[in-house]
Amino acid sequence: MSRELASSFSPADIEASLYKQWVAAGYFRANSASTKPPFTIVIPPPNVTGSLHIGHALDHTLQDTLTRMKRMKGFEALWLPGMDHAGIATQNVVEKQLSAQGISRHDLGREDFVKKVWEWKSDSGGAILDQMRRLGDSVDWSREAFTMNSNLSTAVLTIFKKLHDQDLIYRAERIINWCPRCLTALSDIEVDYHDDSGEFVQVRYGEGDIQITVATTRAETMLGDGAVAVHPDDKRYKHLIGKKVLLPLANRYIPIIADELVEMDFGTGAVKVTAAHDPNDFEMAVRHNVAFVVIMNEHGVMDGSGTRFDGMDRFDARKAVVEALRDEGRIMDEKRPYVHAVGHCSRCDITLEPRLSKQWFVKVAPLAKAAGDAVRDGRVKIEPEELAPRYFDWIDNMHDWCISRQLWWGHRIPVWYGPNGESVVLGPGESPPAGYNQDPDVLDTWFSSALWPFSTLGWPAESDDLKKFYPTSVLVTGYDILFFWVARMMMFGLFAMDGVQPFHTIALHGLVRDQFGKKMSKSKGNVVDPIEFMDKYGADALRFTLARGANPGKDQALAEDWIAGSRNFATKLWNATRFAMINGASIDGDLPPLDSLNAIDKWILSRLSETISEVDSLLEQYEFARACELMYHFAWDDLCDWYLELSKESFASKDSANTKRVLGFVLDQLFRLMHPIMPFITEVMWTTLTGQESLVIAAWPIGHPEHIDKKSEKLIVEIQEIITDVRRFRNDQGIKTSQKIPARFIAPERINDYADAMAFVLRLELGTITPSAHCEIGAVKVEFDLTRSIDVAAERARLEKDLATAQKDRQTAEVKLNNQGFIAKASENVVVEIRERLEKTTADIARITAQLQKLQNP
RNA sequence: GGGUGCUUAGCUCAGUGGUAGAGCGUCUCGUUUACACCGAGAAUGUCGGGGGUUCGAAACCCUCAGCGCCCA
């Protein structure tokens with residue numbers, strides 16, 4: 001194995017081949033027969049129609065980081081990949097292709113259409129899978145799953161029957177969200193509400209003594225009114241309750257009813273009740289036995305009202321109805337535009353229509369109760385905790401779930417109807433009686449993805465995978481699909497697996513936003529492409545950027561500059577490693593005994609151990625951003641800026657065996673620590689450094705308590721202060737970095753031991769000199785022979801600034817110590833700390849003042 | 001309308017009671033035994049407003065204002 005790195009790091013050259021090697025070596029394959037403890041993550045299945053967007057890149061980076069870390073920690077780590085068949089989305093894609101050829105799915109027929117979709121899937125579906133390889137996802141490809149595969153379909157049939165047998169699935173006529181374009185029912189969560197500019201009109205119903213004015217945003221539905229409702233306590237209308245009022249245009253008489261659902265303060269306090277076209281009205285109608293009048297067909301076209309408006313599109317009808325009412329003098333008030341939230345199809349964005357329709361539902365109450373309790377009693381933890389109330393709020397108030405869809409692509413509802421209206425639910429492998437026909441509808445896609453944590457592991461079979469890897473360890477996903485998917489997995493998981501929760505922890509992350517924190521959207525044109533970023537900066541840079549921005553449950557802003565910054569960080573590490581290896585960094589043999597090391601070596605080992613322990617604990621708590629921050633500063637500041645600089649003198653002149661070994665150790669451990677976040681570059685650097693097989697299967701680093709050395713840390717802080725102050729002096733005096741200055745240290749022995757190292761960093765030539773200037777840092781004096789007089793003004797400015805700082809610091813310390821309350825009540829160590837601060841600043845002030853005086857009267 | 005979160009440097013964000021931080025950006029200087037995708041140094045904040053608790057508040061409590069998200 002070559003033990004030298006190329007002069008520059010080129011991600012594009014190595015990433016793809018490294019990934020192939022990892023897969024070929026089988027590192028990502030989990031073994032259900034293993035005796036190691038399991039660690040399982042199932043991937044939130046992307047849509048088969050989807051491609052990798054920046055949100056996936058974040059989600060996958062976090063999951064991969066956890067999986068890789070656990071694998072290194074000795075767990076049998078399984079990250080299970082797969083895709084969702086995405087009913088409506090996929091059907092839409094294929095239908096669009098067909099319509100380009102002038103064919104509709106009905107021309108093909110159901111069987112051929114479904115065949116077409118499968119063909120589409122094998123030709124162009126799953127583009128995202130290759131993009132996951134780019135990102136470095138360490139998923140177990142041998143277990144790749146798809147919600148429409150036969151084993152997952154078996155799971156669907158099994159649970160449908162089980163739910164049905166326990167009366168948790170029923171068929172009923174209800175108001176559901178209907179998409180007049182996709183021609184299917186939608187569940188509540190497939191509805192996107194956004195503000196539309198509509199109208200709000202008040203219409204006078206009735207004649208003579210019996211008149212009442214109602215307010216509505218959907219005037220055309222008045223043709224289907226079955227009643228007018230008022231609040232029972234509303235004095236304005238009390239006398240009208242129970243009377244019948246004339247419904248204009250339709251020329252029918254409808255009752256005036258009283259119901260507490262009506263808000264007295266809203267509009268006129270009287271509302272029209274259109275039982276077949278509004279969910280709230282539906283409820284009232286059931287309570288009061290109001291007639292259901294259907295006036296619109298599945299395409300959103302007026303139909304069945306028996307008026308001249310039949311045949312008009314719903315929006316044309318709205319205008320026409322208002323016009324007709326105006327002609328009759330029945331419009332009492334109009335607000336236009338009236339901006340209000342309107343439901344749209346989450347797939348095609350068309351305005352939805354509430355529609356009375358016979359559909360299949362899951363009775364969620366008992367399931368949701370169990371799903372809420374699992375979190376309430378701590379069996380499932382939501383991270384961050386702040387998001388738990390949102391979960392409860394939703395799951396404790398959930399409506400029954402409409403699961404039937406009028407589509408062809410999906411799991412067909414396993415219910416068969418007999419010639420006389422009988423019905424039978426079939427489990428896997430069962431056949432219907434002769435003459436029975438299957439329900440034409442398919443199940444909501446989320447029905448099958450709710451089974452994902454166990455259907456992918458072989459359920460309902462009692463497979464080895466299921467035994468080994470269920471329940472899964474953690475579910476990592478964006479808070480935006482907490483309701484869509486997470487809650488449903490909770491319900492079905494607890495139900496199907498006899499109360500065993502599908503995962504121990506739900507770790508929620510936020511959304512990726514643009515550099516100004518704005519939501520990314522196609523219309524704003526601020527959408528970024530993760531593939532482009534990987535092409536340009538490498539997968540590691542993208543991963544590091546996303547992980548570094550990932551604070552639990554919080555959105556993150558992302559700018560291309562920041563990915564470039566991560567690339568710079570990768571380059572920095574590369575160059576540092578190259579330099580270290582040229583100077584003989586080594587992992588051969590044991591670390592030298594601690595007491596044989598100099599303070600610089602002891603310090604970096606101490607810092608390394610602290611960093612490892614803290615990063616480990618942060619990653620275990622899903623605190624990716626903070627973990628990255630620590631790694632970044634350890635690597636760049638401690639290691640590159642200080643340790644390597646302070647060690648150069650030793651490499652250049654002395655026996656540096658200890659430092660070479662320590663440096664090798666530090667790099668080895670650091671690469672292990674960073675590998676889960678930046679797998680590619682760390683793999684190349686580590687295998688080159690160590691000559692070993694792969695970091696993917698290397699052991700995770702652990703902190704060494706015996707390496708923690710506060711004394712050395714304190715000493716190095718002192719040395720850093722001295723170096724920084726001398727650099728400031730040189731800078732203020734306009735002395736070039738390259739110019740060597742004769743100098744000497746007057747310092748205590750513990751500092752003086754490192755005079756050579758400091759001199760090397762500071763470009764000082766130590767020796768006997770005639771000083772013409774000096775710096776004082778606490779008890780340390782550094783004298784220089786500048787062979788010219790110093791810039792007095794610059795030096796005075798520098799000292800005066802130091803003086804001001806010291807004075808300010810002393811003052812705040814003094815104020816505290818003069819406060820009797822502080823002395824009496826503050827904790828001992830805080831008081832001691834402030835006393836020390838007072839002493840130090842007092843000494844500093846005296847020293848600086850003396851220097852300033854000398855400057856004036858040399 | 002109900003719930004919930006946020007407001008800290010020019011920008012994006014950390015910071016759960018003890019001298020205000022990071023990255024990027026800005027300014028000055030610089031090619032010295034890794035690295036200009038770099039180094040050194042510097043500037044920059046009455047921590048949204050007002051009240052309270054406390055010896056001490058960016059942090060805890062109350063209140064107001066603005067912004068955002070979820071649900072209806």
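Computed from a predicted structure; not experimentally measured.
Counting non-hydrogen atoms under 4.0 angstrom, Glu645(A) reaches a base of the nucleic acid. Arg578(A) comes within contact range of the sugar-phosphate backbone alone, with a heavy-atom separation under 4.0 Å but no base atom that close. Asp393(A) comes within contact range of no nucleotide atom at all, as no heavy-atom separation falls under 4.0 Å. Contacts of Ala557(A) with the nucleic acid, taken as non-hydrogen atoms under 4.0 Å apart, involve only primed sugar atoms and P, OP1 or OP2. Tyr391(A) comes within contact range of no nucleotide atom at all, as no heavy-atom separation falls under 4.0 Å. At a threshold of 4.0 angstrom between heavy atoms, the contacts of Arg548(A) are confined to the sugar-phosphate backbone, with no base atom among them. Residue Lys801(A) is classed as a sugar-phosphate contact, given heavy-atom separations below 4.0 Å to backbone atoms only. Using a 4.0 Å heavy-atom distance criterion, Arg567(A) is classed as a base contact. Counting non-hydrogen atoms under 4.0 angstrom, Phe516(A) reaches the backbone sugars and phosphates but no base. Within 4.0 Å of Thr737(A), counting heavy atoms only, lies at least one base atom of the nucleic acid.
In this model, the phosphate group of rA42(B) is not approached by any side-chain N or O of Asn731(A) to a distance below 4.0 Å at OP1 or OP2. Taking side-chain N and O atoms only, Lys572(A) has a distance below 4.0 Å to OP1 or OP2 of rG39(B). Checking the phosphate oxygens (OP1, OP2) of rG39(B), a side-chain nitrogen or oxygen of Trp636(A) falls inside 4.0 Å. Taking 4.0 angstrom as the limit, Arg390(A) places none of its side-chain polar atoms (N or O) nearer than this to OP1 or OP2 of rC70(B). One finds a side-chain N or O of Lys648(A) lying less than 4.0 angstrom from the OP1 or OP2 phosphate oxygen of rA34(B). Contact annotation: Lys554(A) side-chain N/O to rA14(B) OP1/OP2 distance is under 4.0 Å.
Taking the six-membered ring for Trp, Phe9(A) and Trp574(A) have ring centres closer than 6.0 Å.
Spacing of C1' atoms, rA58(B) relative to rG48(B), comes out at 12 Å, to the nearest Å. rU26(B) and rG10(B) have their P atoms separated by 15 Å, with the value rounded to a whole Å. With C1' as the reference atom, rC71(B) and rC64(B) are 26 Å apart, rounded to whole Å. Of the P atoms belonging to rC35(B) and rG45(B), the separation is 37 Å, rounded to the nearest Å. rC62(B) and rG3(B): their P atoms are spaced 14 Å apart (whole Å).
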> Under the side-chain contact (heavy atoms from CB on, under 4.5 Å) criterion, do Val662(A) and Val666(A) qualify, and how do the steps go?
Replying inline: CA-CA 6 Å; Val662(A) 168; Val666(A) 171; 4.1 Å; yes
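Other residues, nucleotides and ligands place more than 12 heavy atoms under 6.0 Å from the CD atom of Gln739(A).
Taking a pair to require two hydrogen-bonding distances under 3.5 Å in either a Watson-Crick or a G-U wobble arrangement, rC67(B) pairs with rG5(B). When Watson-Crick and G-U wobble pairs are counted only if both distances are under 3.5 Å, rA43(B) pairs with no nucleotide at all. Under the Watson-Crick and G-U wobble criteria, each requiring two contacts below 3.5 Å, nucleotide rA34(B) is left unpaired.
One finds no salt bridge joining Asp637(A) and Arg607(A) here, because no Lys/Arg side-chain nitrogen approaches an Asp/Glu carboxylate oxygen to under 4.0 Å. Comment: Glu795(A) engages Arg798(A) in a salt bridge, judged by a side-chain N to carboxylate O separation of less than 4.0 angstrom.
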